[in-house]
Amino acid sequence: GVGNLKSSTLLKRVNAGDFDAVPTELMKWTKAKGKELPGLVRRRRAESEWWRDLANKPVVEEDQRVEPDTVPVKTITESKQANGAVVLGALGSVGAAKEVMTQVQEANGLFGSAIAMAQDMNFLIMVAVVGIGAAIWYWRKQNLEKHGI
């Protein structure tokens with residue numbers, strides 16, 4: 001574990017730059033609860049071979065390095081999630097709006113309409129759906145601008 005690694009000879013060899021000793025030190029890390037595990041033996045052999053191969057490879061010169069691929073940047077209108085949130089909000093509000101309009105027409109006066117709308121479950125659902133859709137759209141827009149994904 002990490003606690004054992006902190007005081008290990010393996011870490012001391014790596015920190016001292018004695019990289020030739022690392023494969024031998026890796027092979028000491030093949031036990032769990034005092035019992036040698038065949039899977040750990042295979043893993044440490046593979047790691048030791050990898051370490052030796054790495055030591056024999058030449059250092060890549062600066063002019064030989066390859067630039068990583070760039071992440072394509074999408075606009076908010078190209079985001080499937082943002083567009084889905086807008087569509088969901090629109091669809092959810094159409095049905096609720098129809099019902100709300102019926103309620104509003106039946107209510108007497110402006111004050112009565114406002115109270116009737118505030119008490120109507122369909123209106124509250126419509127407001128919630130539109131609000132959630134707007135929040136998803138805004139969150140996605142922020143992520144697109146920050147991370148480009």
Side-chain angles (χ1 to χ4, degrees), residues 1-104 114-149:
V2 175
N4 291 334
L5 179 63
K6 286 180 183 179
S7 60
S8 70
T9 307
L10 172 63
L11 185 60
K12 290 175 187 171
R13 299 280 190 249
V14 170
N15 289 338
D18 186 8
F19 301 122
D20 292 334
V22 170
T24 303
E25 293 300 321
L26 281 170
M27 292 309 298
K28 295 178 182 177
W29 292 76
T30 59
K31 296 180 182 171
K33 295 181 182 177
K35 184 179 177 186
E36 188 167 80
L37 300 177
L40 280 177
V41 172
R42 287 191 299 273
R43 177 184 282 181
R44 297 300 178 244
R45 281 187 188 142
E47 291 168 344
S48 296
E49 289 173 23
W50 176 80
W51 189 272
R52 285 187 187 103
D53 289 344
L54 187 63
N56 295 328
K57 290 186 179 182
V59 175
V60 176
E61 296 298 324
E62 190 70 32
D63 59 339
Q64 295 175 324
R65 294 186 180 169
V66 177
E67 290 296 320
D69 293 336
T70 58
V71 176
V73 177
K74 291 194 279 186
T75 64
I76 191 71
T77 56
E78 295 171 325
S79 168
K80 291 179 183 175
Q81 291 154 328
N83 292 332
V86 170
V87 169
L88 175 68
L91 289 176
S93 63
V94 166
K98 183 179 176 184
E99 192 65 35
V100 168
M101 290 308 293
T102 304
Q103 296 283 333
V104 170
I115 291 175
M117 284 178 32
Q119 293 174 344
D120 185 11
M121 184 58 75
N122 290 327
F123 177 77
L124 297 176
I125 291 172
M126 178 188 74
V127 169
V129 168
V130 170
I132 290 169
I136 291 170
W137 179 84
Y138 180 77
W139 173 80
R140 186 67 185 134
K141 180 178 179 282
Q142 294 300 317
N143 278 341
L144 282 170
E145 290 173 358
K146 185 175 180 180
H147 303 291
I149 52 173

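Computed from a prediction, not measured in an experiment: that's the story for all the values here. Atom set for the values below is all heavy atoms of this structure, side chains included, hydrogens, waters and symmetry mates excluded.
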Heavy-atom nearest pair, Glu36 first then Pro38, reads O-CD, 3.9 Å

Atom CD in Glu47, atom CG in Leu40: separation rounded to 0.5 Å? 9.0 Å

Can you measure from CD1 (Ile136) to CG (Leu88) and round to the nearest 0.5 angstrom? 7.0 Å

Considering only heavy atoms from C-beta outward, does the side chain of Met126 approach that of Asn122 to under 4.5 Å? no

Output yes when a side-chain donor or acceptor of Trp51 lies under 3.5 Å from a complementary backbone atom of Ala46, and no otherwise. no

I need the Leu26 CG to Arg45 CZ distance, nearest 0.5 Å. 13.0 Å

Check whether any side-chain N or O of Ser48 sits under 3.5 Å from a backbone N or O of Pro23 as a donor-acceptor pair, and report yes or no. yes

In Å and rounded to the nearest 0.5 Å, what is the CG to CZ distance from Asn15 to Arg13? 11.5 Å

In short, Ala85 meets Gly133 closest at the heavy-atom pair CB-O, 3.6 Å

Please answer whether the main-chain N or O of Lys28 pairs with a side-chain N or O of Arg44 as donor and acceptor at a distance below 3.5 Å. no

Which atom pair, heavy atoms only, marks the closest approach of Glu25 to Thr9? OE1-CB, 3.3 Å

Determine whether Trp29 and Leu10 make a side-chain contact, defined as any pair of heavy atoms from C-beta on separated by less than 4.5 Å. yes

Quick one: does Val22's side chain get under 4.5 Å of Val14's, heavy atoms only? yes

